[in-house]
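Step one of this worksheet: look at the structure below.
Just so it is clear, the structure is predicted and the values come from calculations on it, not from any experiment.
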Amino acid sequence: FEQFRDIFSTIVTSVGTMWSMMTPWDDPEYLTRVWCVFEIFTANTTTNCKAEIVMPREQTKAMIESLSDINKLLNALANTKIENAQASREEDKTNILALVEESVGHAKLNNIVNLSIRKSIIGVVKEEEQLR
């Protein structure tokens, strides 16, 4: 697993910008996968790499329309928890969670990933405002 993790990190960070699809915007399937959450964390904690969230146009529109429901927005911006994410192989999930716990811990990883999501969402909202 260590060798695979090193290769994974090299691949993620070599792309420069990692794009993650956020759909549906308020409960993205991407963030239910342990490898995907770990991928966002890796991109956000490595120099010369960043993670960006992208949404299909209809999801962006749905998010903008729901801005009046502050609870829904806040939930979407703080809901990611790696320990709740799934993997197709339970061994992968166990290994990733152990690696995270031995390094930064689940809470810090979740905070970094949720902060990245918040920054991206704010960017989407600002772009939408400029288009209006």
Side-chain angles (χ1 to χ4, degrees):
F1 182 78
E2 287 294 320
Q3 181 183 10
F4 185 78
R5 181 192 57 113
D6 292 341
I7 292 168
F8 176 80
S9 179
T10 300
I11 291 169
V12 168
T13 58
S14 69
V15 298
T17 301
M18 188 200 64
W19 302 95
S20 306
M21 181 64 68
M22 193 150 160
T23 184
W25 81 267
D26 56 346
D27 188 22
E29 188 173 329
Y30 181 82
L31 297 176
T32 67
R33 310 299 301 161
V34 71
W35 276 112
C36 297
V37 175
F38 189 66
E39 182 179 65
I40 291 174
F41 168 76
T42 301
N44 276 289
T45 56
T46 307
T47 57
N48 302 324
C49 188
K50 64 180 180 175
E52 295 285 338
I53 303 292
V54 294
M55 282 185 257
R57 185 76 193 127
E58 68 275 1
Q59 290 299 309
T60 301
K61 184 178 177 191
M63 183 191 70
I64 296 297
E65 289 173 354
S66 71
L67 288 178
S68 61
D69 185 351
I70 194 68
N71 289 327
K72 186 173 187 176
L73 181 62
L74 291 175
N75 188 47
L77 297 178
N79 204 30
T80 302
K81 292 182 176 55
I82 194 166
E83 56 269 39
N84 295 340
Q86 301 302 311
S88 55
R89 293 179 24 168
E90 191 60 33
E91 178 184 1
D92 286 348
K93 180 177 180 176
T94 301
N95 286 332
I96 290 171
L97 292 179
L99 176 69
V100 168
E101 194 54 38
E102 291 168 8
S103 58
V104 298
H106 299 148
K108 185 167 184 178
L109 179 139
N110 292 336
N111 188 35
I112 290 168
V113 170
N114 285 313
L115 181 61
S116 175
I117 294 166
R118 284 192 289 274
K119 286 180 180 177
S120 291
I121 295 295
I122 289 167
V124 169
V125 171
K126 286 181 179 179
E127 285 176 23
E128 282 298 307
E129 285 299 312
Q130 290 176 351
L131 292 175
R132 292 180 183 211

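For R89, the salt bridge (charged side-chain N to carboxylate O under 4.0 Å, His left out) test picks out E91, D92, with sequence neighbours left out. Applying the side-chain hydrogen bond (donor to acceptor under 3.5 Å, both in side chains) test to S9 and every residue at least two apart in sequence or in another chain returns nothing. In terms of the side chain to side chain contact (heavy atoms under 4.5 Å, CB included) criterion, residue partners of K108 (sequence neighbours excluded) are, by chain and number, V104, I112. Residues passing the side chain to side chain contact (heavy atoms under 4.5 Å, CB included) test with I122 are K126, sequence neighbours excluded. Taking the side-chain hydrogen bond (donor to acceptor under 3.5 Å, both in side chains) definition, one finds that E83 meets it with N110, sequence neighbours left out. For E101, there are no salt bridge (charged side-chain N to carboxylate O under 4.0 Å, His left out) partners at least two apart in sequence or on another chain. In terms of the side-chain hydrogen bond (donor to acceptor under 3.5 Å, both in side chains) criterion, residue partners of E128 (sequence neighbours excluded) are, by chain and number, R57. Under the side chain to side chain contact (heavy atoms under 4.5 Å, CB included) criterion, E102 pairs with A98, sequence neighbours left out. Listed by chain and residue number, nothing satisfies the ring pair (Phe, Tyr, Trp, His ring centres under 6.0 Å) test with F41 (two or more places apart in sequence, or in another chain).
Looking at heavy atoms from C-beta onward, F38 lies out of side-chain contact with V12 at the 4.5 angstrom threshold. Looking only at side-chain heavy atoms (C-beta outward), L31 and I117 come within less than 4.5 Å of each other. A 4.5 Å side-chain heavy-atom check between I82 and V113 finds every atom pair outside the cut-off.
Here the straight-line distance linking atom CG of N114 with atom CD1 of I121 works out to 11.0 Å at 0.5 Å rounding. Taken to the nearest 0.5 Å, the CE atom of M55 stands 8.0 Å off from the CD1 atom of I53. To the nearest 0.5 angstrom, I96 atom CD1 is 10.0 Å from L109 atom CG.
For residues 43-56, the set of pairs meeting the side-chain hydrogen bond (donor to acceptor under 3.5 Å, both in side chains) definition, not counting sequence neighbours, comprises N44-S116. The ring pair (Phe, Tyr, Trp, His ring centres under 6.0 Å) contacts involving residues 98-132 comprise nothing, where partners must be two or more places apart or lie in separate chains.
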Decide side-chain contact (heavy atoms from CB on, under 4.5 Å) for V125 and M63; before the verdict, give the C-alpha distance in whole Å, the side-chain angles of both, and the deciding distance to 0.1 Å. CA-CA 9 Å; V125 171; M63 183 191 70; 3.8 Å; yes
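Shortest non-hydrogen contact noted between V37 and A85 is CG2-CB, 4.5 Å. Closest approach of A51 to A43, counting heavy atoms only: CB-CB, 3.9 Å.
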Do any side-chain atoms of residues 19-26 form donor-acceptor pairs under 3.5 angstrom with protein atoms, and if so which ones, sequence neighbours left out?
unit_1: S20; atom_1: OG; unit_2: Y30; atom_2: OH; d: 3.3
unit_1: D26; atom_1: OD2; unit_2: K72; atom_2: NZ; d: 3.3

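Other residues, nucleotides and ligands contribute only 12 or fewer heavy atoms inside 6.0 Å of the CD atom of E29.
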